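Note sheet for the following structure.
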Amino acid sequence: MDDATRRNLALFPIGIVQRLTDLTARQIRYYEQNELIHPERTDGNQRLFSFNDVERLLEIKSLIDKGLNIAGIKAMIHKNEPGHTGAIQRPEVTPELTDSQLHELLMREISEGQDYPGVRTSMIQGELSRFFHKS
DNA sequence: GTTCTAACA
DNA sequence: TGTTAGAA
């Protein structure tokens, strides 16, 4: 049995995952509804999570702390290519950013946790929802 | 005892 | 998101 297989084995119930991630069962179930995770089901319809699921939940938790909404997190998970090597040029003091530029900027801030001159992190929440719809 | 779904003084 | 009710 290889590592990948082992990591995807559905092993623990929500109770264990709850402690492993410091998330509430409510949140875990909520994230599943929004398709951020896809735990397996067994017995009488009870969820069984794998190590991968747990890691994903930890990642989701950190993104939530950064102020992202479900839509934003979905985008991050799908485009899991964390560090952009650096082919992106940041607009100095640009009052008007194109959607493309703003998107790249936000992705950088989110993955690097840093701010760029003239762009406040607090704008992430609002601008992100402008990209990946509102809720 | 634990987890599930659905719903909200 | 918290929390609770009722069932499995």
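Below, read A as the first sequence line, B as the second, and so on, with proteins coming before strands; counting in each chain starts at 1. Quick caveat, the model's predicted, so the values are computed rather than measured.
Put simply, chain A comes within 4.0 Å of DNA chain C, heavy atom to any atom, from C:dT1 to C:dT3, going 5' to 3'.
For A:D65, the side-chain hydrogen bond (donor to acceptor under 3.5 Å, both in side chains) test picks out no residue, with sequence neighbours left out.
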Donor-acceptor pairs under 3.5 angstrom involving side-chain atoms of residues 19-26 of chain A: please list them, not counting sequence neighbours.
residue : atom : partner : partner atom : Å
A:T21   : OG1  : A:V17   : O            : 2.8
A:T21   : OG1  : A:L23   : N            : 3.3
A:T24   : OG1  : A:Q27   : N            : 3.1
A:T24   : OG1  : A:Q27   : OE1          : 3.4

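Applying a 4.0 Å cut-off to non-hydrogen atoms, the residues of residues 23-45 of chain A that approach DNA chain C are A:T24, A:R26, A:Q27, A:Y31, listed by residue number. Scanning residues 13-20 of chain A for heavy-atom distances under 4.0 Å to DNA chain B yields A:P13, A:I14, A:G15.
What you find for A:N34 and A:K74 is that their closest heavy atoms are O-CE, 2.9 Å. Between A:V54 and A:F12, the shortest heavy-atom distance links the atoms CG2-CE1, 3.5 Å. Heavy-atom minimum distance, A:M1 versus A:L9: SD-CD1, 4.1 Å. The minimum heavy-atom distance between A:D2 and A:T5, with the atom names listed, is OD1-OG1, 2.7 Å.
Residues A:L48 and A:L57 are members of separate hydrophobic clusters, defined by side-chain heavy-atom contacts under 4.5 angstrom among Ile, Leu, Val, Met, Phe, Trp and Tyr.
Nearest-nucleotide positions on DNA chain C place A:I70 closer to the 5' end than the other of A:I70 and A:Q46.
Helical stems in DNA chain C, defined as runs of 3 or more consecutive Watson-Crick or G-U wobble pairs with donor-acceptor distances under 3.5 Å: B:2-8 with C:2-8.
Using a 4.0 Å cut-off between charged nitrogen and carboxylate oxygen, A:E40 and A:R47 do not count as a salt-bridge pair.
Side-chain atoms of A:N69 and A:I73, non-hydrogen and from C-beta on, never get closer than 4.5 Å to each other.
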